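Shown next, in structure tokens, is the structure this report addresses.
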Amino acid sequence: MVIEVFGDDITKEDVKDLIPRVGARGIVKKDDLYLMVYFEKDGFYTLPGGGVEINESLEAAVIREVKEETGYICQIMKKGVVLKEYFIDSVWHNHYYLLEVVDQTEVALTKEEKDMGLVPVWKTLEEVLDILSSSDSDHQDAEAIHNREFLGFTHSL
């Protein structure tokens with residue numbers, strides 16, 4: 001399934017010349033908990049994941065990103081939704097995957113992620129839905145990020 005979200009009352013035609021940024025995001029469940037990433041500096045949450053590198057598959061990207069951000073080594077159970085977001089200054093295509101933990105290693109955060117205070121946390125389903133349906137952060141993009149993750153999460157389960 002593909003979900004398209006348009007910000008700022010724009011159309012695809014308004015951003016037809018922008019190259020989409022492609023990402024892969026993981027929905028990791030262990031027992032009755034879901035893995036999220038909390039950004040302490042700005043006070044918002046995401047699902048683990050990030051950008052797909054040149055010549056990297058979506059599947060390899062989600063496995064790599066989850067491992068780097070959380071230290072969990074996962075395998076893909078199934079592909080979830082694709083969420084395409086269109087903003088006046090950017091276009092994002094995020095691919096969601098349901099994953100299961102197979103092992104654990106050290107977290108390998110980038111300097112930027114360390115500076116943002118990225119922390120992996122486990123949350124119940126109710127907590128995930130509550131967090132992603134609100135936007136208590138002062139970060140300018142927190143509401144859009146939480147909306148994206150809410151749609152990706154709920155439509156991939």
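FYI, the numbering just counts along the sequence from 1. Fair warning: this is a prediction, and the values are worked out from it, not measured in the lab.
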**Asked** Between Glu65 and Val52, is a side chain to side chain contact (heavy atoms under 4.5 Å, CB included) present by the stated rule, with each step listed?
**Response** CA-CA 9 Å; Glu65 284 285 350; Val52 177; over 6 Å; no

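- Rounding to the nearest 0.5 angstrom, the gap separating the CD atom in Glu59 from the CD1 atom in Ile76 is 5.0 Å.
- Rounded to the nearest 0.5 Å, atoms CG (Asn94) and CD1 (Ile3) are 11.5 Å apart.
- No donor-acceptor pair under 3.5 Å is formed between the side chain of Asp14 and the backbone N or O of Ile10.
- By the rule that hydrophobic residues join a cluster once side-chain heavy atoms approach within less than 4.5 Å of another member, Met77 and Val101 end up as members of separate clusters.
- Residues Ile63 and Gln75 come closest through the heavy atom pair CD1-CA, 4.0 Å.
- Counting heavy atoms from C-beta outward, Leu98 and Lys29 have side chains that stay 4.5 Å or more apart.
- Judged purely by atom type and a 3.5 angstrom limit, Ser133 uses its side chain to pair as donor or acceptor with the backbone of Asp130.
- The distance from atom CD1 of Ile145 to atom CD of Gln140, rounded to the nearest 0.5 Å, is 9.0 Å.
- Both Val5 and Phe153 sit in one connected hydrophobic cluster of ILVMFWY residues. Membership requires side-chain heavy atoms under 4.5 Å apart, directly or through other members.
- Distance alone, capped at 3.5 Å, is enough to place a donor-acceptor pair between the His146 side chain and the Ser134 backbone.
- Val102 has its side chain out of reach of Cys74: every pair of non-hydrogen atoms, C-beta onward, lies at least 4.5 Å apart.
- Shortest non-hydrogen contact noted between Lys41 and Asp115 is CD-O, 3.7 Å.
- Val81 is not listed as a side-chain neighbour of Leu151, based on a closest heavy-atom distance of 4.5 Å or more.
- At a threshold of 4.5 Å between non-hydrogen side-chain atoms, the residues Tyr34 and Leu157 count as touching.
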**Request:** Please test Val91 against Arg21 for side chain to side chain contact (heavy atoms under 4.5 Å, CB included), starting from the C-alpha separation and ending with a verdict.
**Result:** CA-CA 6 Å; Val91 176; Arg21 295 180 66 183; over 6 Å; no

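- At least one side-chain heavy atom of Val62 sits under 4.5 Å from a side-chain heavy atom of Leu99.
- Side-chain heavy atoms closer than 4.5 Å link hydrophobic residues (I, L, V, M, F, W, Y) into clusters, and following such links, even through other members, never connects Val22 to Leu83.
- Note that the CG atom of Leu18 and the CD1 atom of Ile88 stand 8.0 Å from one another [nearest 0.5 Å].
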**Request:** May I have the step-by-step check of side chain to side chain contact (heavy atoms under 4.5 Å, CB included) for Asp42 and Met116, ending in yes or no?
**Result:** CA-CA 7 Å; Asp42 293 312; Met116 294 175 71; 4.2 Å; yes

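- Taking the six-membered ring for Trp and the full ring otherwise, Phe6 and Phe87 have centroids separated by 6.0 Å or more.
- A 4.5 Å side-chain heavy-atom check between Arg64 and Glu68 finds at least one atom pair inside the cut-off.
- Classification of the Phe44-His139 ring pair by plane angle, with boundaries at 30° and 60°, yields tilted.
- Hydrophobic clustering (ILVMFWY, side-chain heavy atoms < 4.5 Å, transitive): Met36 and Phe150 are in one cluster.
- The minimum heavy-atom distance linking Glu13 with Lys16 is given by the pair OE2-CE, 3.0 Å.
- Counted within 6.0 Å of CD on Glu56, heavy atoms from surrounding residues, nucleotides or ligands total more than 12; the atom is thus considered enclosed.
- For the atom pair CD1 of Ile19 and OG of Ser90, the computed distance is 12.5 Å after rounding to the nearest 0.5 Å.
- Of all heavy-atom pairs between Gly152 and Ser156, the closest is O-OG, 2.7 Å.
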**Message:** Walk me through whether Val121 and Tyr45 qualify under side chain to side chain contact (heavy atoms under 4.5 Å, CB included).
**Reply:** CA-CA 9 Å; Val121 294; Tyr45 291 84; 3.8 Å; yes

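- Two residues are said to be in side-chain contact when any heavy atoms from C-beta on lie closer than 4.5 Å; Leu35 and Ile27 fail this criterion.
- For the residue pair Leu58 and Tyr97, the shortest heavy atom distance occurs at CB-OH, 3.2 Å.
- We find that Lys12 and Glu4 are joined by a salt bridge, their nearest charged nitrogen and carboxylate oxygen being less than 4.0 Å apart.
- Here the side chain of Ser137 pairs no donor or acceptor atom with the backbone of Ala142 at under 3.5 angstrom.
- Taking the side chain as every heavy atom from C-beta outward, Val28 and Trp122 approach each other to under 4.5 Å.
- Atom CG of Asp32 sits in a sparse spot, with 12 or fewer heavy atoms from other residues, nucleotides or ligands closer than 6.0 Å.
- Cluster annotation: Leu109 and Val119 are assigned to distinct hydrophobic clusters (Ile/Leu/Val/Met/Phe/Trp/Tyr, side-chain heavy-atom contacts under 4.5 Å, transitive).
- Without hydrogens or angle criteria, Glu69 side chain to Gly49 main chain gives a donor-acceptor distance under 3.5 Å.
- Taken to the nearest 0.5 Å, the CG atom of Asn147 stands 9.0 Å off from the CG atom of Leu132.
- For the side-chain hydrogen bond (donor to acceptor under 3.5 Å, both in side chains) criterion with Tyr96, the lone passing option out of His155, Lys79, Glu149 is Glu149.
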